[in-house]
Amino acid sequence: MARDISTVGVVGLGTMGAGIAEVLARSGLDVVTVELDDAGVARGRGHIEHSTERALSGGKLDAAGREALLGRIRYGTSLSDLSEVDLVVEAIPESLGLKADVFAELDKITRPEVVFASNTSSLSITEIGVHTARPGKVVGMHFFNPAPVQKLVEIVKTVVTEPEVVTDVVAFAERLGKVPVVIGDRAGFIANALLFGYLNHAVRMYEQRYATREDLDAAMRFGCGYPMGPLALLDLIGLDTAYEILDTMYHQSRNRLHAPAPLLKQMITANLLGRKTGRGFYAYDAPDSPNVVATDVASTVDVSAARPVARVGVVGTGTMATGIAEVFAKRGLDVVLRARSLEKAQASVARVKKSLDKAVVRGKLSEEDAGLALGRITPVTDFEALADVDLVVEAVAEELSVKQAVFAALDEVVRPGAVLATTTSSLPVIECAAATSRPADVIGLHFFNPAPVMKLVEVVSTIATAPDIVATASAVCTAVGKHAVHCGDRAGFIVNALLFPYLNDAVKMLEAHYAGADDIDTAMKVGCGLPMGPFELLDVVGLDVSLAIQRTLYNEFREEGFAPAPLLEHLVTAGRLGRKTGKGFKDY
């Protein structure tokens with residue numbers, strides 16, 4: 001029989017504890033809160049009153065509702081005040097010793113059947129629970145900040161948690177209007193375990209000067225649709241908080257990818273903690289302000305050195321090639337589209353026409369402009385037809401030998417001074433450049449699919465790329481309405497190098513049976529605001545494509561944590577490739 005929970009204790013009235021108390025009271029529960037002293041109580045009460053005042057002025061609460069909510073919360077400074085509660089939520093600072101002491105004390109005060117829930121974001125629930133005589137009734141109940149707004153709650157079970165306790169706490173979270181996901185007791189649970197490895201990786205990229213903070217953040221916003229870039233998100237979370245979570249995860253997992261980047265420790269020592277101190281990776285106009293102060297970013301790209309580009313060649317007939325041809329043609333550039341046969345070339349032009357017609361129907365393009373754009377595309381079958389282009393973009397299959405053959409052919413016919421670009425998403429650009437006699441003129445222009453819609457282009461410079469070629473590529477991106485981000489010639493560039501290890505970590509979490517695919521997807525969408533969960537995304541991308549990219553990353557960096565998850569390998573071997581085959585991590 002489900003527990004009857006009408007009175008809940010909350011220990012700790014910091015930002016999280018006060019938010020949790022408000023959530024409980026909003027749901028009609030009586031709440032008994034405990035803080036260390038009267039000053040702590042006053043601060044906590046202030047948090048709740050300020051938050052509910054904002055809800056009142058925002059129309060989310062009326063005056064009578066606010067008064068009733070506040071009336072359901074009692075305040076005290078002694079744990080003995082919790083003797084009659086039906087459940088306790090602990091929300092004190094992230095110290096195992098402090099939490100263990102509180103739970104040991106509560107064990108003597110409360111009834112034996114009362115469930116203890118810790119709001120810890122990274123500490124072991126098992127280690128907290130063993131300090132009580134009721135470890136089977138101890139769970140994690142990890143709310144996200146701000147608790148009154150964020151819907152996700154991670155319910156963490158240990159190896160000794162009683163199944164009915166998990167069932168009751170899940171039902172309780174749903175009663176609060178939250179979205180619960182259940183996970184085993186591992187460092188970081190779901191959201192933090194997957195999120196902070198990705199954030200740490202971004203810090204390392206920045207630390208190595210592989211890309212600027214602006215380009216790292218823009219790449220993930222425009223390339224993946226993330227609400228915030230990784231460095232801006234770290235500033236919001238607080239670099240000290242991030243360091244603690246990563247350090248805890250590392251000591252449990254011994255995974256080098258969780259070892260906090262040295263730059264984090266240096267910034268913390270210098271009190272550059274992010275928004276709360278007014279400066280982190282970015283500078284803010286005041287502590288706790290979201291407003292970034294514009295700082296002069298020393299651009300490494302001098303666009304005044306760009307070469308003129310009016311005529312573009314595109315090699316290939318796939319989705320990416322036709323999308324890129326459409327992008328250039330819509331922006332007034334003449335496009336020579338080279339295919340292996342006239343039939344393939346005409347089919348590609350027909351696909352561009354279909355896409356332009358859709359844009360007309362949706363009111364995004366006039367019929368006249370669509371007709372003009374289509375008229376700018378010339379289908380050809382000979383490489384010689386590309387002789388006088390200013391820029392040629394190769395968009396053929398992701399096979400190095402195929403790309404190298406294309407670049408060798410282009411080198412023979414394309415005029416000196418033209419820019420030669422590859423759209424590869426994972427192969428070394430320098431290998432394409434090496435197939436020519438002009439490696440200084442070769443660059444990566446990684447468009448994202450679908451090219452007419454996606455705003456991001458990764459501009460990838462090799463060790464041989466000339467500065468004016470980088471400037472030309474950057475200027476072309478701006479001219480066609482794309483956002484260029486610059487990086488070096490390393491596997492995965494920015495987006496794939498940050499995205500795929502995170503997806504691989506999610507697969508490893510699933511195969512270790514810590515959480516189900518649906519719960520992991522829900523945690524990342526609801527808890528982190530991501531547009532898709534990792535398994536939904538893997539199925540869309542294709543498991544074979546994902547595996548190939550992950551193997552490329554592993555082979556380049558030789559990082560143990562980048563080794564493809566065995567489950568991913570097995571699914572690909574079994575032909576479960578995602579949506580395109582109707583079966584992947586999910587069935588369609």
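Treat the numbers as computed from the prediction; the structure is a model and nothing was measured.
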Under 3.5 Å, which donor-acceptor pairs link side chains of residues 529-541 to any protein atom two or more places apart or in another chain?
from   : atom 1 : to     : atom 2 : distance (Å)
Glu536 : OE1    : Lys525 : NZ     : 3.4
Glu536 : OE1    : Gly533 : N      : 2.9
Glu536 : OE2    : Lys525 : NZ     : 3.1
Asp539 : OD1    : Phe585 : N      : 2.9
Asp539 : OD2    : Phe585 : N      : 3.3
Asp539 : OD2    : Lys586 : N      : 3.1
Asp539 : OD2    : Tyr588 : OH     : 2.7

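Evaluation of the side chain to side chain donor-acceptor pair (under 3.5 Å) test over residues 451-461, restricted to residues two or more places apart or in two chains, returns His446-Glu458. Sorted by first then second residue, the salt bridge (Lys or Arg N to Asp or Glu O under 4.0 Å) pairs that include residues 484-495, not counting sequence neighbours, number zero. Residue pairs satisfying the ring-ring contact (aromatic ring centres under 6.0 Å, His included) criterion with at least one member in residues 500-523, sequence neighbours excluded, are absent. For residues 261-277, the side chain to side chain donor-acceptor pair (under 3.5 Å) pairs, not counting sequence neighbours, are Asp240-Lys276. Pairs of residues two or more places apart, or lying in two chains, that qualify as ring-ring contact (aromatic ring centres under 6.0 Å, His included) and include a residue from residues 190-219 are Tyr198-Tyr226, His201-Phe562, Tyr206-Phe281. Listed by first and then second residue, the side chain to side chain donor-acceptor pair (under 3.5 Å) pairs involving residues 144-156 are His142-Glu154 (not counting sequence neighbours).
Scored by the ring-ring contact (aromatic ring centres under 6.0 Å, His included) test, His251 finds no partners at all (sequence neighbours excluded). With sequence neighbours excluded, the residues satisfying salt bridge (charged side-chain N to carboxylate O under 4.0 Å, His left out) with Arg551 are Glu569. Taking Thr322 as the reference, nothing meets the side-chain hydrogen bond (donor to acceptor under 3.5 Å, both in side chains) condition, with sequence neighbours excluded. Residues satisfying the ring-ring contact (aromatic ring centres under 6.0 Å, His included) criterion with Phe222, sequence neighbours excluded, are His483. For Ala147, the side chain to side chain contact (heavy atoms under 4.5 Å, CB included) partners at least two apart in sequence or on another chain are Met16, Ile20, Val23, Phe143.
No salt bridge links Asp587 with Arg579; every basic N to acidic carboxylate O contact stays at or beyond 4.0 Å. Look at Glu560 and Arg256 and you find no salt bridge, because none of the NZ, NE, NH1 or NH2 atoms lies under 4.0 Å from a carboxylate O. Between Lys178 and Glu174 there is no salt bridge, since no side-chain N of the basic residue sits under 4.0 Å from a carboxylate O of the acidic one. A salt bridge is absent between Glu431 and Lys403: the closest approach of a Lys/Arg side-chain nitrogen to an acidic carboxylate oxygen does not fall below 4.0 angstrom. Ion pairing between Lys330 and Glu326 holds under the 4.0 Å rule for side-chain N and carboxylate O.
In this structure, the side chain of Asn192 engages the main chain of Ser121 through a donor-acceptor pair within 3.5 Å.
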